[in-house]
Peer 1: 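Pasting a structure here, questions to come.
Along the sequence shown, the residues carry numbers beginning at 1. Below, each value reflects all heavy atoms present in this structure, side chains not excepted, and no hydrogens, waters or symmetry copies.
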Amino acid sequence: MTQHTTSKSLSEVHGSVAVPHKRGFWKTLLAFLGPAYLVSVGYMDPGNWATDLAGGSQFGYALIWVLLMSNLMALLLQSLSARLGLVRGLDLAQASRHTYPKFINIPLYILAEVAIAACDLAEVIGMAIGLQLLFKIDLLTGVIITLADTFLLLFLINKGIRKMEAFIVSMIAIIGVSFFIEMLIVKPNASELVRGFVPSLPNSNALYIAIGIIGATVMPHNLYLHSSLVQTRRFNRADGGLKKAIRFNFIDSAVALNLALFVNAAILILAAAAFYKRGLHDVAEIQDAHLLLTNIFGTAAPALFAIALIAAGQSSTITGTLAGQIVMEGYLNLRIRPWLRRILTRLIAIIPAVFTIVYFGEAELGKLLILSQVILSLQLGFAIIPLIHFVSDKTKMGEFVIKPWVKISAWVAAAIIVGLNVKLVINELNGWIESAGSNAVYIYLFVLPLVIAAGILLLYITFSPLFKTAKTPKATVPHGKALELGDLQLKTYKNIAVTIDFSEMDKVAIENAISQGGKTAAYTLIHIVESAGASVMGEDIEDLETGEDINNLNSYCAHLQSLGYSTEVSIGYGNPAKAISEIVNNSAADLIVMGGHGHKTFKDILFGATVDTVRHNVKIPVLVVRK
């Protein structure tokens, strides 16, 4: 892993899509379309299915208004997120790092990671259930299989953001077509459907489901994701270009999120028409819904249901990982390899899923799925409130600061979400205390302090901007501010290390090394013996490969010495990156020259990213050269 001081949000694809300048409306719109579709899959992931099924089966069409309200909130908040990324060139996590002190950013980062883990948990469970329904695979095996998609993101992002967007759109198309056909099969009651848009909460359980729907619809990690994805477009910011970009991204958001609304509404309507109307009011489990659909409508409806579920889980897992990368790099200014990030994220989700299946049984997964969505809802305030403050700051946003009516609407949405969550937390705490009996002391000792700390954090990020004192403004771009360079000193290297692997890169590396130090510097040629025996026996190995490597290295050394260069050799054994780092750190070297072979993606995983690892583990400059 490494710390960055000048990294751009999602630097692999930042500014990688060119937007045509002064072209027609449709061509320009087509260039901007895409980011909101990646965001929208989070609004139709498997977590939504559980809450929508529960809402439809228990309350019929009564909670459709919650979906509509959630979608309007989502459109408002996602448009603010896109505006932040476009105007300030920062994602939400980066903006938080530039605004809040470290003691605030660390808990905000932890909460964001919890939200992403909860989201990934929903995707793991949804994918496993979809595989079980379609292929009769048991859930535990299905959960393990979800590890196989770990490297899909890595493959797609190396193909470019447009390829990734195309993949996501194809998944959305599968989901949309499946549910369109489902609606033709179940034939919902139109008049009752319309009455569902009138706000009502039949009972206290409806509040729990409604909060779950909000958490599943307005997802905190999507706010981080959208503010970064809009920066993949490279456009002319002059001549009204930025204003045009904001407008086209709003269109992108409106189209994509309305498609998500259709899918969510279709799931709730399906549950209401198929189950609630038949007196089946306890269908919160996706498996039960699939079975009942089979009994009621035959094989077509449940097959489409399972296919759409798999597509939803697969697409959501990609965007969840991207959000994780954005959050970690933004809050901590820290990057780890994408494949490692993917594995960590997926393992955090798989462990509670496997634990639930093994100790409580498959029947409890549905409850875990709904709980994950309630957790997401509880995180919302910690993402929404900073976002509203950032886009309301006239000094940072300039002419693109949000209008008063937009600000009021955003704060109303935040107040509704936070207010519902506060009510839910109070209700749940009271319920836990009553059911705990004599063990309630543990709730007071461990749970209550966490709740109070979260409340204090929420109050701080809500009201601190109102009391801020005049300070030197922090950098508002991810690259930081230009330094006062003053007089520049010419760096002279006295001891230069050169890595040797007996390939065509050796000559390139040596030429570049002597170009830096000339005949006044001393050179150390480093080679690592990588054989299995060398890894075990180290310098005690006396096999043929080691002997040949030493002879070859000495021949390089003798040739350089004959040309007048002060040269010595150093042999290491085992893992190249670790051995090179140890040799360099234990030497007087002030520069290391390494040949870069250009391994990417899966070759990095197979052969090891030696250059990256070495440059993170040594304290001297690393010059990477290519042929």
Side-chain angles (χ1 to χ4, degrees), residues 33-34 36-57 60-61 63-68 70-72 74-75 123 126-127 129-130 133-134 165-197 213 216-217 251-278 283 286 288-316 319:
L33 289 181
Y37 289 92
L38 268 69
V39 169
S40 72
V41 298
Y43 291 89
M44 57 181 92
D45 78 336
N48 296 71
W49 295 47
T51 53
D52 293 339
L53 284 171
S57 64
Y61 303 104
L63 296 183
I64 284 185
W65 70 272
V66 178
L67 282 175
L68 179 61
S70 299
N71 197 69
L72 291 173
L75 181 56
E123 289 146 11
M127 278 281 290
I129 292 173
L133 298 180
L134 205 58
E165 289 168 356
F167 174 81
I168 294 297
V169 168
S170 66
M171 293 295 101
I172 294 173
I174 291 172
I175 300 168
V177 170
S178 298
F179 276 109
F180 178 76
I181 298 172
E182 296 273 22
M183 291 300 96
L184 297 178
I185 294 172
V186 302
K187 298 176 182 175
N189 186 301
S191 60
E192 293 182 9
L193 176 58
V194 171
R195 284 198 294 272
F197 288 101
I213 290 174
T217 307
I251 296 172
D252 184 34
S253 300
V255 174
L257 294 183
N258 277 312
L259 288 174
L261 173 62
F262 166 77
V263 171
N264 282 317
I267 298 169
L268 190 144
I269 292 167
L270 177 68
F275 310 137
Y276 180 79
K277 297 297 290 183
R278 290 174 170 79
V283 185
I286 293 176
D288 293 342
H290 185 269
L291 178 63
L292 290 170
L293 285 173
T294 304
N295 296 336
I296 298 169
F297 300 108
T299 58
L304 290 166
F305 186 83
I307 290 169
L309 180 60
I310 292 172
Q314 188 58 72
S315 55
S316 298
T319 58

Peer 1: Just wondering, are more than 12 heavy atoms of other shown residues or ligands nearer than 6.0 Å to CZ in Phe180?
Peer 2: no
Peer 1: Compare all side-chain heavy atoms of Leu75 with those of Asn258 and state whether any distance is below 4.5 angstrom.
Peer 2: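 Answer no - side chains too far apart.
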Peer 1: Looking only at heavy atoms, which two atoms of Ala271 and Ser57 are closest? And how far apart?
Peer 2: CB-N, 3.7 Å
Peer 1: In the structure I gave you, are the side-chain heavy atoms of Leu67 and Asp52 within less than 4.5 Å of one another anywhere?
Peer 2: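 The answer is yes, as the side chains (C-beta and beyond) meet within the 4.5 Å cut-off.
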Peer 1: Any chance you could measure Asn264, atom CG, to Leu68, atom CG, to the nearest 0.5 Å?
Peer 2: 11.5 Å
Peer 1: Given side chains that start at C-beta, do those of Ile267 and Val263 come closer than 4.5 Å, heavy atoms only?
Peer 2: yes
Peer 1: Could you check if a side-chain atom of Val255 sits within less than 4.5 angstrom of a side-chain atom of Tyr37, using non-hydrogen atoms only?
Peer 2: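 The answer is yes; the side chains approach within 4.5 Å.
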Peer 1: Could you go through the side-chain contact (heavy atoms from CB on, under 4.5 Å) check for Tyr61 and Asn189 one step at a time?
Peer 2: CA-CA 9 Å; Tyr61 303 104; Asn189 186 301; 4.3 Å; yes
Peer 1: For Pro188 and Ala273, work out which heavy atoms get closest and say how close.
Peer 2: CA-CB, 4.2 Å
Peer 1: Using every non-hydrogen atom in the two residues, find where Ser40 and Ala256 come nearest and quote the distance to one decimal.
Peer 2: CB-O, 3.7 Å
Peer 1: May I have the step-by-step check of side-chain contact (heavy atoms from CB on, under 4.5 Å) for Ser70 and Leu72, ending in yes or no?
Peer 2: CA-CA 5 Å; Ser70 299; Leu72 291 173; over 6 Å; no
